[in-house]
Structures are given as structure tokens and as C-alpha cells.
2 protein chains.
Amino acid sequence: MQGGRSNGSAVTRILDVAERLVQHRGFNGFSYADVAAELNVTKASLHYHFAGKAELGEALITRYTRRFVAALAEIQRLDLDARAALEAYAELYAEVLRGRRMCLCGMLAAEYQTLPKQMQDAVIRFFDQNEAWLESVLEQGRSKGTLRFRESAREAARLVVSALEGAMLTARPYGDVDRFQAAATVLLSSLTDTGAVATHS
Amino acid sequence: MQGGRSNGSAVTRILDVAERLVQHRGFNGFSYADVAAELNVTKASLHYHFAGKAELGEALITRYTRRFVAALAEIQRLDLDARAALEAYAELYAEVLRGRRMCLCGMLAAEYQTLPKQMQDAVIRFFDQNEAWLESVLEQGRSKGTLRFRESAREAARLVVSALEGAMLTARPYGDVDRFQAAATVLLSSLTDTGAVATHS
DNA sequence: GTCTATAGGCAGATAGAC
DNA sequence: GTCTATCTGCCTATAGAC
């Protein structure tokens, strides 16, 4: 899902570095100076490409969302059953975490109250699109009998997003991708179980 | 679970204001100046009580964890069944969210990479204690047949923490506590279902 | 497009009077 | 304990040369 490393245009290289910094340290935890130092340019030259931090931030979210939505479309194209589609969805998160990164929009959700308006709106759009895609997958899975949940598909979609974002969030302090995988596995099995399983250890 | 409002000692009042600011804006999103302004004192006087931001931050986590662990002990004391204990646990999170706050340690987990070492260690301890408590509740629920999950109780505990932290994280941009409640409800029902439920809409 | 230079502000922190 | 005053450093941002 990620592009190449620092071989694109100036704008692309700026976005690549800034994206990694935000996913590592947060929007309030990085500066133009950090980006400039890594690219061996000056802060002033960054302002030529992005008027201010708000514009840079908005561009980051837009690009990230575009790539994420493209990855969702690719999963759809594979025409997997619902369980496998959810596994593929969780794998998108796992890839980000393996790069020692938090989901860009999960990070920005934490900092939401301090973000410029245009970034806030872009963060909302990311989650809306994730939910819509998941709702469709979950509804289809339930209608075919491969998934099971009591509440609406929209509500179940919110659990999936919540659990995966939260699993990334809590796995990072431990530097342990297995923690994420464990939570994802329990989540998927809890939406899959048919009832014919052991009820105690 | 929260104490009174600004009626304690100077230290307590500082912690109260700083706690709210961190839960609202993040550790990198607030300053000594913010706290001082709200309390109508100067930044210098804050340094008398807390040598630096790192010490203030560590004290915040320690107090928050102590209160949270006390709330967990209170739930235990009520001797509820596992399902009700999990509902009470989720309600602790809901109370925080109703105050328009993120879980202190969830917020700090996002900013983890930028925190001073003593704060990082304190954040880890918070999650460890939550997991241990949940593991015990989940194991008991499974042995009594009121809960159902395939994997280890420790792994299921990680899902519970992940889902609730993630549900808080993603509900805040929408300013919508119902979003949290929906995710929590689906989570609990997915750990409770006995198998005799509808499998499609 | 990228640079040097600089503005203006806010950060965390300290010294020393009261 | 709280204050005034100040330090140093970093922040975002801009002007203008090249």
C-alpha cells in the first residue's frame, strides 16, 4: 500500500517524510524543521510547496485516504468471502504497524481537538469511508451466514474500526505486533463463531 | 471516579487542570502557560510543585491509574457475573468520554514515542493492570459458561482494551458518545452470545 | 525552487525578591 | 509558595536574493 522511498517529486518526498513523522510522533510532535533536516533542504523551501502546516496536514490525510480506499477496492476485486475480506482488512492495519507506525487518522483522531478545521473534516471522511466499506462486507457476510452479530452492520463496522485502531494504539507502547494480531484474531473469531465451540477451558 | 473540582490543595488543582488538558489536547498540546492561566497563577509557581513537565506528566498517570484500579476493585467487590462486570468496566470508559475526554493513557499511547521515559513506563503499567484484571474476569466468565471465546483469556482481554480504547478514540471526532456505546454493545454481545441467535437480517 | 536572514511568538525552565 | 524578570531555544511564517 505504500509508495517508494524518496524517489518521487519534491512534493512526494515531503509528504513521505511528513507522513512517517506524524504516524510516529503525532501532528503536534513534528515540525517543518524535522522534515527539512531529513531532506537536506531549508524550512523556507517547504513553505513553497505547502503554505502552512495545515495545508501539509490536509494533503497528508487526502493522500493516505486515497491509498487506503484503493486498497479496499482491491480487496473487493478479489471477491473473497466476508471472513477473508475482514482478514485482508486487518492485514492493512498490520502492515502499517509493522512499519512501527500508527494509522495516520487514528493518530490524528487523538489530536483531533487541536487540528485545523480542514484537517478535522478530512479525518472524518476517512472514518466514514472505512465504515461504509465494512458495513457492506459485514452485511453480505451475515446474509450468506458466514458472519454472525446481533446488532446492525453499521454498528458492527464501528466495532471493527474501533478494535483495530485501538489494537494499534495499545500495541505500539509494547513495540509488539503480536499484540495487535491477537486482538484482531479474537475479534474476527468472535464475529465468525457458529456457536459450536468450547465454552470453557 | 473523578474527584471534586478545584477545591483541593495546590497540587491537586494543578493535576486536575493538567489532566483535563492532556485528555482533551494531548501531552504535546498543552503547556504550563495553559495551566497557569486557568488557575490564575504564574508558570514559575507551577515549577515549585512539579520540577518539569515530565514530573507533572508522571504524577498525572500515577494518580489516574490509582483511581482506575480503585474503580476496578470496587467492581470486583460487587461480585457481579462476568457479563455485568464487563458492562461496568465499559461504563468507566463511557464516563470519561461523556466528559468529552479521551482516556488519559489512550491519549498518551498515541504520543508514546515522544514521552519521557518515566511516563512511558507508567503508561505501560496502566495497561498491564487493566489486562490482568480483565483476564481474571474473562477466565471466570468462561469457566462459568457466561462468556464465550476461543482464544486465551489474556488475548481476549487485549481485545476488550483495544476495542474500548479505539471506540473512545474514534467517537471523539464525531462528538458522539452513542458511537462508543454501539461498539461496546457489539463487543459484549460478541463475547456473550450462546449461538442461538439469528444469523441474518 | 531553493536559499539566507529574520521576524514575532511561545515553549520549558531558572534566579532571586518578597 | 508565589511573584517578576529573564534566558535560551524552537516554532511557524515571510521577504527578498539568486
Side-chain angles (χ1 to χ4, degrees), chain A residues 6-61 107-108 110-120 122, chain B residues 6-61 107-108 110-120 122:
Chain A
S6 295
N7 291 320
S9 66
V11 165
T12 299
R13 279 178 290 133
I14 293 167
L15 289 172
D16 287 346
V17 171
E19 183 181 72
R20 175 166 41 75
L21 286 170
V22 174
Q23 290 183 266
H24 261 274
R25 308 171 46 89
F27 190 73
N28 295 326
F30 92 105
S31 72
Y32 267 44
D34 296 325
V35 179
E38 265 197 67
L39 295 176
N40 285 112
V41 296
T42 60
K43 292 181 287 175
S45 91
L46 300 182
H47 281 285
Y48 171 81
H49 298 286
F50 297 97
K53 219 183 166 188
E55 288 75 19
L56 172 55
E58 188 184 4
L60 284 176
I61 306 169
M107 181 66 84
L108 296 176
E111 298 177 292
Y112 190 81
Q113 311 292 337
T114 70
L115 300 179
K117 182 70 162 62
Q118 70 235 56
M119 289 183 64
Q120 292 183 330
Chain B
S6 295
N7 291 321
S9 66
V11 165
T12 299
R13 279 178 291 133
I14 293 166
L15 289 172
D16 287 346
V17 171
E19 183 182 72
R20 176 167 41 75
L21 286 170
V22 174
Q23 290 184 263
H24 207 71
R25 308 172 47 89
F27 190 73
N28 295 326
F30 93 106
S31 71
Y32 266 45
D34 296 326
V35 178
E38 263 196 70
L39 294 176
N40 285 114
V41 295
T42 61
K43 290 184 290 174
S45 91
L46 301 182
H47 280 286
Y48 172 81
H49 297 286
F50 298 96
K53 219 184 167 188
E55 288 76 20
L56 172 55
E58 188 184 4
L60 285 176
I61 306 170
M107 182 65 84
L108 296 176
E111 299 178 291
Y112 191 81
Q113 312 291 339
T114 70
L115 300 179
K117 181 71 162 61
Q118 69 234 59
M119 289 183 65
Q120 291 183 330

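This is a predicted model, so every value here is computed, not measured. Convention: sequence-line order gives letters A, B, ...; per-chain numbering from 1. Just so it is clear, the values below take in all heavy atoms, side chains as well, and ignore hydrogens, waters and symmetry mates.
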Between atom CG in A/L115 and atom C1' in D/dT12, what is the gap in whole Å?
-> 16 Å
Whole-Å gap separating P (C/dA11) and NZ (B/K53) | 9 Å
Any B/Y32 side-chain nitrogen or oxygen under 4.0 Å from OP1 or OP2 of C/dG12 | no
Between C/dC3 and A/T42, is there an OP1 or OP2 to side-chain N/O distance shorter than 4.0 Å?
-> yes
Report the distance from atom CG of A/N28 to atom C1' of C/dG12, rounded to the nearest whole Å.
-> 16 Å
At what distance, to the nearest 0.5 angstrom, does CD of B/Q120 lie from CD of B/Q113?
-> 7.0 Å
Between D/dG1 (P) and B/F50 (CZ): distance, integer Å | 13 Å
From the list C/dT14, C/dT2, D/dA15, which nucleotide is the closest neighbour of the side chain of A/H49?
-> C/dT2
Any side-chain N or O of A/H47 less than 4.0 Å from the OP1 or OP2 oxygen of D/dA15?
-> no
Between B/A59 and B/F50, which heavy-atom pair has the shortest distance, and what is it?
-> CB-CE2, 3.7 Å
Atom of A/N28, atom of B/R25 and distance for their closest heavy-atom approach = ND2-O, 4.4 Å
Heavy atoms under 4.0 Å, any strand shown: does A/S31 hit a base, just sugar-phosphate, or nothing?
-> sugar-phosphate
OP1 or OP2 of C/dG1 less than 4.0 angstrom from a side-chain nitrogen or oxygen of A/Y48, does that happen here?
-> yes
Taken to the nearest whole Å, NZ/A/K43 to P/C/dG8 is 15 Å
Could you tell me whether B/F30 contacts a base, only the sugar-phosphate backbone, or nothing, with contacts defined as non-hydrogen atoms closer than 4.0 Å?
-> sugar-phosphate
Round to the nearest Å and state the distance from B/L39 atom CG to D/dT2 atom P.
-> 10 Å
Are OP1 or OP2 of C/dC3 and a side-chain N or O of A/S45 less than 4.0 angstrom apart?
-> yes
Between A/R13 (CZ) and C/dG1 (P), how many Å, whole number?
-> 11 Å
Output the distance between atom OH (A/Y32) and atom CG (A/L21), rounded to the nearest 0.5 Å.
-> 13.0 Å
Report the C-alpha distance between B/H24 and B/F30 in whole Å, list the side-chain angles of each, state the deciding distance to 0.1 Å, and finish with yes or no for ring pair (Phe, Tyr, Trp, His ring centres under 6.0 Å).
-> CA-CA 9 Å; B/H24 207 71; B/F30 93 106; over 10 Å; no
